[in-house]
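Below you'll find the structure, written out as structure tokens, and then a few comments.
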Amino acid sequence: MADGTADFPSPDTADRSPLAARLFGVEGVAGVFLGADFVSVAKRAADDWDRLAPPVAREIEAHFESGAPAVEEDVAAEDDAAGDPVAAQIRELIDTRIRPSVAQDGGDIVFRGFEDGIVRVSLQGACVGCPSSSATLKMGVENLLKFYVPDVTGVEAVQ
């Protein structure tokens, strides 16, 4: 991917990603998360990485050898921050200060909106279901945003 991330938590969400669809063909793959320079694959709890790793690696290699895109071009989502300088500042902080840290752990955080002092974000990739994600939101994201943007009173995760 040239920019951003794409999360495919189940096979029925992979219609715009030939790579994710291919990986869901491997028995035991439970989710696929793509970034500019990584592919993250989640497995079902009952499955073993020793069994899954070789076919997953083969499918990734075969996909890239095919020359097909990882994700089909998508119509750009409407910018939730358009016209609101506070929301634009929040988005900028998330993109430049928070997202890089979250990405180092195989996840992503996406700005979903700002209303009545509450910043709404969605967590993707390795962050979904992570036991420390709520602490990260409260102690990391919320504190940083409150420090830089006085209008922020809280942060909540949305789907």
Side-chain angles (χ1 to χ4, degrees), residues 1-24 29-45 56 59-60 63-64 66-159:
M1 295 181 55
D3 188 25
T5 59
D7 190 25
F8 305 98
S10 64
D12 59 321
T13 63
D15 57 334
R16 67 183 188 96
S17 172
L19 175 56
R22 184 177 206 132
L23 289 169
F24 279 117
V29 170
V32 178
F33 183 62
L34 306 175
D37 60 356
F38 68 88
V39 176
S40 178
V41 176
K43 69 174 187 66
R44 292 187 303 217
V56 165
E59 291 300 329
I60 291 171
H63 175 80
F64 286 106
S66 77
V71 178
E72 299 291 340
E73 288 299 316
D74 197 15
V75 176
E78 184 177 321
D79 187 352
D80 292 334
D84 182 350
V86 174
Q89 182 182 11
I90 293 166
R91 179 185 294 278
E92 176 71 16
L93 287 166
I94 288 172
D95 289 347
T96 61
R97 295 185 179 248
I98 299 167
R99 178 173 278 140
S101 296
V102 174
Q104 287 181 343
D105 290 329
D108 196 15
I109 183 168
V110 179
F111 175 80
R112 296 296 183 201
F114 175 68
E115 187 176 339
D116 298 327
I118 303 298
V119 177
R120 288 173 182 77
V121 297
S122 63
L123 299 173
Q124 300 177 337
C127 294
V128 177
C130 173
S132 63
S133 64
S134 61
T136 298
L137 277 179
K138 290 295 177 193
M139 294 173 19
V141 176
E142 185 172 286
N143 287 343
L144 183 136
L145 291 176
K146 282 181 174 180
F147 180 80
Y148 286 103
V149 186
D151 292 347
V152 172
T153 60
V155 174
E156 70 178 34
V158 297
Q159 295 298 328

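Only this structure's heavy atoms are used, side chains among them; waters, hydrogens and symmetry mates stay out.
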Going by the rule side chain to side chain donor-acceptor pair (under 3.5 Å), which residues pair with [X] if we only count those two or more places apart in sequence or in a different chain?
X	result
Thr13	none
Asp37	none
Glu59	Arg22
Ser66	none

Checklist outcome for this item: Residues passing the ring pair (Phe, Tyr, Trp, His ring centres under 6.0 Å) test with Phe64, sequence neighbours excluded, are none

How long is the straight-line distance from [atom2] of [Y] back to [atom1] of [X], given to the nearest 0.5 Å?
X	Y	atom1	atom2	result
Leu19	Leu23	CG	CG	4.5 Å
Phe114	Ile90	CZ	CD1	4.5 Å
Gln89	Leu145	CD	CG	9.0 Å

What is the minimum heavy-atom distance between [X] and [Y], and which atoms define it?
X	Y	answer
Val71	Ala6	CG2-CB, 4.3 Å
Gly154	Lys146	N-CE, 4.3 Å
Ala70	Pro18	O-CD, 3.5 Å

Side-chain contact, heavy-atom cut-off 4.5 Å: [X] with [Y]?
X	Y	value
Val152	Ile118	no
Val121	Val110	no
Leu34	Phe8	yes

Next on the checklist: Between His63 and Pro69 (side chain of the first, backbone of the second, donor and acceptor by atom type, cut-off under 3.5 Å), is there such a pair?
Outcome noted: yes

Item to check | Under 3.5 Å donor-acceptor, Glu72 side chain and Ser17 backbone | outcome: no

Next on the checklist: Quick test of your reading: applying salt bridge (charged side-chain N to carboxylate O under 4.0 Å, His left out), list the pairs with at least one residue in residues 150-159, sequence neighbours left out, ordered by first then second residue.
Outcome noted: Arg120-Glu156

Checklist entry - Are Phe33 and Phe38 an aromatic pair by the rule of ring centers under 6.0 Å? => result yes

Checklist entry - Of all residues at least two apart in sequence or in a different chain, which pass the side-chain contact (heavy atoms from CB on, under 4.5 Å) check with Ala157? => result Leu137

Output a table of donor-acceptor pairs, distance under 3.5 Å, between side-chain atoms of residues 95-103 and any protein atom two or more places apart or on a different chain; print 'none' if there are none.
{"residue": "Asp95", "atom": "OD1", "partner": "Arg99", "partner atom": "NH1", "Å": "2.5"}
{"residue": "Thr96", "atom": "OG1", "partner": "Glu92", "partner atom": "O", "Å": "2.7"}
{"residue": "Arg97", "atom": "NH1", "partner": "Tyr148", "partner atom": "OH", "Å": "3.2"}
{"residue": "Arg99", "atom": "NE", "partner": "Asp108", "partner atom": "OD1", "Å": "2.6"}
{"residue": "Arg99", "atom": "NE", "partner": "Ile109", "partner atom": "O", "Å": "3.4"}
{"residue": "Arg99", "atom": "NH2", "partner": "Ile109", "partner atom": "O", "Å": "2.7"}

